[in-house]
Amino acid sequence: MSIHNREIADLFDRLADLLEIDGANRFRVRAYRQAAQTIGGLSETLADRVQQGEDLTRLPNIGEGIAKKVATIVETGALPELDALEERLPAELSELMKLSGLGPKRVKALHQDLGVETIEGLRKAIEQHQVREVPGFGAKTEHKLGERLSAWQSEERRTRLIEAEEVARPLIARLHAIDGVNAVEIAGSLRRRQETVGDLDILVTAEPDLPVMDAFTGYEEVGEVVSRGDTRSTVMLRSGIQVDLRLVPRESYGAALHYFTGSKAHNIAVRRMGVERGLKINEYGVFRGEDRVAGRSEEEVYRSVDLPYIEPELREDQGEIDAARGGRLPRLIQIQDIRGDLHAHTDASDGHDRLEAMAEAAAERGYAYLAITDHSRHLTVANGLDAERLADQVDAIDRLNDKLDGRIQVLKAVELDILEDGSLDLPEDILKRLDLRVCSVHDRFDLSRTRQTERILRAMDSPMFNILAHPSGRLIGERAAYQVDLERLIEAAAERGCFLELNAQPKRLDLTDADCRLAKSLGAKVAISTDAHSTANLGYMRFGVDQARRGWLEAADVINTRPVDALRRLLER
DNA sequence: GCCGTTTTCGGCCCGACTGTTTTCAGTCG
């Protein structure tokens, strides 16, 4: 099996870590990190491209040297330069650098002076008060490191977007309530709508001398005040989420929002464009010499480097700057473009609400259609429907549609299990009575990549197959994706006139942003669906749309932006 | 180590906060 992009990127990240500890040229270190970022963000499988003899130097941040190293990794699975370095420096030192407060210089000092090689070794050194004796360290640093070490090991996980929003909401409200505060904005990865966020970044603009920092560090959910200054403070909430607050004057709003939204790589790229134009871009504005020439709005910042506004979801330095420069930015899909939901359950299987209630709720959202997709018989834990019960539901939907009088169309559908041998869970005669069939894998996640891929491809061969639901099966932070060749599935879907679901459940968000880009590049269209198990769940649609935006999708790339007639035509195979 | 409508060599984003320092290095975002 070929090596994943993520694994290649990790090798370069580890190489960068150890080189940094070793005191190598910092720009060389950065080059490896940038290469790792490029590789990690690719939607195509790099190993396949290498094997096809493709020239990797076409990729940003990949030159002759790194291209050669990638080829070696693909061929042998190893990076010789990293192996050589690990002869001299323990590999786990790069783990130590992940601890907040420890960078390359301090890790090197701990290693050289105390012989610390592992996390466990650091713990012992702290307990024996050896760390405070190392030059550059002191008792206070030692104490803080000890505290962070315990907290860090108990949980080191990113927070899902929906939970981060819930944590942010009351804090935002508290800051808003301060008299004289102009704006409170969520920035960072939450604003970029990344599926998980590491910390929360909040930007405040206010008149001078307001008690903003007091309100922030005094918030009742704060566990530890990590740092506190006049313009920037960091706290750790009791929930384990770190929050950074940045306070700037009103005229810096746009520059600060841009700076604080990131991503870091995007900011660097924009600032570099500034340098080329003789401008200095920081969080206070855009400057030519001493003169501020822009910074009130993000648009101004972009305009100063001759770029159009770039949506936050695109700011990953994954080609958006080039696209902006060339006038090729996508017109990202918006929530208002969505005309219906194609995956929803009722209490006939494992949903909470009745058919009528689901239809009403969808109509209230302004949808033109809602597909009812209860589970099929094989999924017994979800009370899956057999042919008979499904036939009853089909009749019930017909009656309901008559009653609804065109306010919304309820589509007759099913979420059909793909069985282990690739056959579908219900006979064709009942499936033919449906408007569409959403198909999914709910068991045997352990199949080999080849068998899992063939299983789904075989299912797609059936003319009954319309949409592949939650294509990877992952649950963010809980369950990894099953092994499958998604690229082949996407190609197959495009060839056969099938579609891929972007499941909008906040813990699924399956497809990923990179998968969406891959689907678009291979000409496959996507259905953004909530997989709602209650009327409230229909509101998850916005998370799916956000993920699609991160995947550069436009309304035309998504089938449930179509009116119902056009949708029906698309579903004919 | 990468990169170039100025450049194939000489640059490489920018500032805040902390702790250990007597003026700044290290770390972080």
Side-chain angles (χ1 to χ4, degrees), chain A residues 12 15-16 19-21 23-38 56-70 81 96-110 131-145 148 187-189 197-203 213 217 225-235 242-248 252 255-256 258-287 295 301 305-306 317 322 325-326:
Chain A
F12 284 117
L15 180 60
L19 279 174
E20 207 174 11
I21 293 167
N25 178 298
R26 61 199 183 97
F27 298 109
R28 188 173 157 229
V29 170
R30 205 178 72 187
Y32 284 124
R33 286 204 205 288
Q34 287 180 321
Q37 220 232 338
T38 296
L56 300 186
T57 59
R58 71 186 166 84
L59 295 169
N61 304 316
I62 311 277
E64 297 277 338
I66 291 182
K68 217 172 261 175
K69 288 182 172 64
V70 170
E81 289 77 5
L96 284 175
M97 285 223 301
K98 290 181 186 154
L99 190 65
S100 170
L102 282 187
K105 299 280 164 49
R106 285 176 168 172
V107 168
K108 184 178 189 179
L110 290 171
V131 171
R132 62 180 64 182
E133 306 301 330
V134 179
F137 291 79
K140 202 162 178 179
T141 303
E142 180 184 83
H143 181 68
K144 284 209 163 179
L145 283 175
R148 283 175 193 156
S189 49
V197 305
D199 56 16
L200 298 179
D201 300 300
I202 298 175
L203 170 71
M213 287 305 175
T217 57
V225 178
V226 178
S227 72
R228 185 197 155 116
D230 293 336
T231 68
R232 161 176 228 145
S233 294
T234 298
V235 300
Q242 181 176 310
V243 189
D244 297 328
L245 183 140
R246 194 64 208 262
L247 179 62
V248 300
S252 298
H258 180 259
Y259 153 76
F260 221 23
T261 296
S263 65
K264 188 173 176 179
H266 175 90
N267 285 353
I268 290 173
V270 170
R271 286 175 174 180
R272 197 182 298 141
M273 289 182 72
V275 171
E276 286 165 11
R277 288 161 177 74
L279 300 170
K280 182 176 72 172
I281 301 176
N282 60 29
E283 55 265 53
Y284 298 111
V286 180
F287 297 87
V301 175
V305 292
D306 305 311
D317 194 25
D322 269 350
R325 200 182 283 148

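Each chain gets a letter, A, B and so on, in the order the sequences are listed, and its residues count up from 1.
Applying the Watson-Crick and G-U wobble criteria (two distances, each under 3.5 Å), dG15(B) pairs with dC28(B).
Nearest-nucleotide assignment on DNA chain B puts the 5′-proximal partner with P60(A), out of P60(A) and G101(A). DNA chain B is contacted by both E283(A) and A139(A); E283(A) maps to the nucleotide lying nearer its 5′ end (nearest heavy atom per residue).
In this structure, S252(A) contributes its side chain and A255(A) its backbone to no donor-acceptor pair below 3.5 Å. Listed for the R246(A) side chain is no donor-acceptor partner under 3.5 Å among the backbone atoms of R232(A). Listed for the T38(A) side chain is a donor-acceptor partner under 3.5 Å among the backbone atoms of Q34(A).
Spacing of C1' atoms, dG19(B) relative to dC9(B), comes out at 40 Å, to the nearest Å. Atom name C1', nucleotides dC14(B) and dT22(B): the rounded distance is 26 Å, in whole Å. If you take atom C1' in dC12(B) and the same atom in dT7(B), they sit 13 Å apart, rounded to whole Å. Rounded to a whole angstrom, the distance from the C1' atom of dG15(B) to that of dG10(B) is 25 Å. To the nearest whole angstrom, the two P atoms, one in dA16(B) and one in dT20(B), are 22 Å apart. Taking atom C1' on both nucleotides, dC17(B) is separated from dT21(B) by 15 Å, rounded to a whole Å. Here, dG4(B) and dT8(B) have their C1' atoms 8 Å apart, quoted to the whole Å.
An OP1 or OP2 oxygen of dT18(B) is reached within less than 4.0 angstrom by no side-chain nitrogen or oxygen of K144(A). Close to dG15(B), at under 4.0 Å from its OP1 or OP2, lies a side-chain N or O of N282(A). Side-chain nitrogen and oxygen atoms of T231(A) include at least one within less than 4.0 Å of the OP1 or OP2 phosphate oxygen of dC17(B). Taking side-chain N and O atoms only, T234(A) has no distance below 4.0 Å to OP1 or OP2 of dC17(B). At dC28(B), none of the side-chain N or O atoms of Q242(A) fall inside 4.0 Å of OP1 or OP2 (strictly under the cut-off).
Rounded to whole Å, atom C1' of dC13(B) lies 15 Å from atom OH of Y284(A). What separates CZ of F137(A) from P of dA25(B) is a distance of 16 Å, to the nearest Å. One atom, CD of E142(A), and another, C1' of dT18(B), lie 17 Å apart when rounded to the nearest Å. Straight-line distance from the CG atom of L245(A) to the C1' atom of dC28(B): 16 Å, rounded to whole Å. Here the P atom of nucleotide dG10(B) and the CZ atom of R28(A) are 20 Å apart, to the nearest Å. Taking atom NZ of K108(A) as the reference point, atom C1' of dA25(B) lies 15 Å away to the nearest angstrom. The NE2-C1' distance, from H258(A) to dG15(B), rounds to 16 Å in whole Å. Taking atom CZ of R30(A) as the reference point, atom P of dC28(B) lies 17 Å away to the nearest angstrom.
Set against dA16(B), dC28(B), dT20(B), the side chain of K140(A) has dT20(B) as its closest nucleotide. Out of dC13(B), dC3(B), dC12(B), the shortest distance to the side chain of F27(A) is found at dC12(B). Out of dG26(B), dC14(B), dG19(B), the shortest distance to the side chain of R271(A) is found at dC14(B). Candidate nucleotides dC13(B), dG15(B), dG1(B) were compared by shortest atom distance to the side chain of V275(A), and dC13(B) ranks first. Side chain of S100(A), nearest nucleotide from dC28(B), dC2(B), dT18(B): dC28(B). Side chain of K69(A), nearest nucleotide from dC13(B), dG1(B), dG19(B): dG1(B). Closest to the side chain of K280(A), from the set dG1(B), dG15(B), dC13(B), is dG15(B). Side-chain proximity of K105(A) to dT20(B), dT27(B), dG1(B): nearest is dT27(B). You'll find that the side chain of R106(A) is closest to dT27(B), out of dT27(B), dG15(B), dG29(B).
In this structure, I268(A) reaches the bases: a heavy-atom distance under 4.0 Å links it to at least one base atom across the strands shown. Counting any heavy atom pair closer than 4.0 Å across all strands shown, P135(A) reaches no nucleic acid atom. At the heavy-atom level, L15(A) lies nowhere under 4.0 Å from the strands shown. Heavy atoms of G262(A) sit nowhere under 4.0 angstrom from any nucleic acid atom. As judged by a 4.0 angstrom heavy-atom cut-off over every strand, R26(A) is placed among residues making no nucleic acid contact. N267(A) comes within 4.0 angstrom of nothing in the nucleic acid, heavy atoms only.
Around CZ of R26(A), the count of heavy atoms belonging to other residues, nucleotides or ligands within 6.0 Å does not exceed 12. Other residues, nucleotides and ligands contribute only 12 or fewer heavy atoms inside 6.0 Å of the NZ atom of K105(A). More than 12 heavy-atom neighbours from other residues, nucleotides or ligands sit within 6.0 angstrom of CG on D322(A).
In this structure, D306(A) does not pair ionically with R325(A), as no charged nitrogen and carboxylate oxygen lie closer than 4.0 Å. The existence of a salt bridge linking R33(A) and E20(A) is confirmed by a sub-4.0 Å separation between a basic side-chain nitrogen and an acidic carboxylate oxygen.
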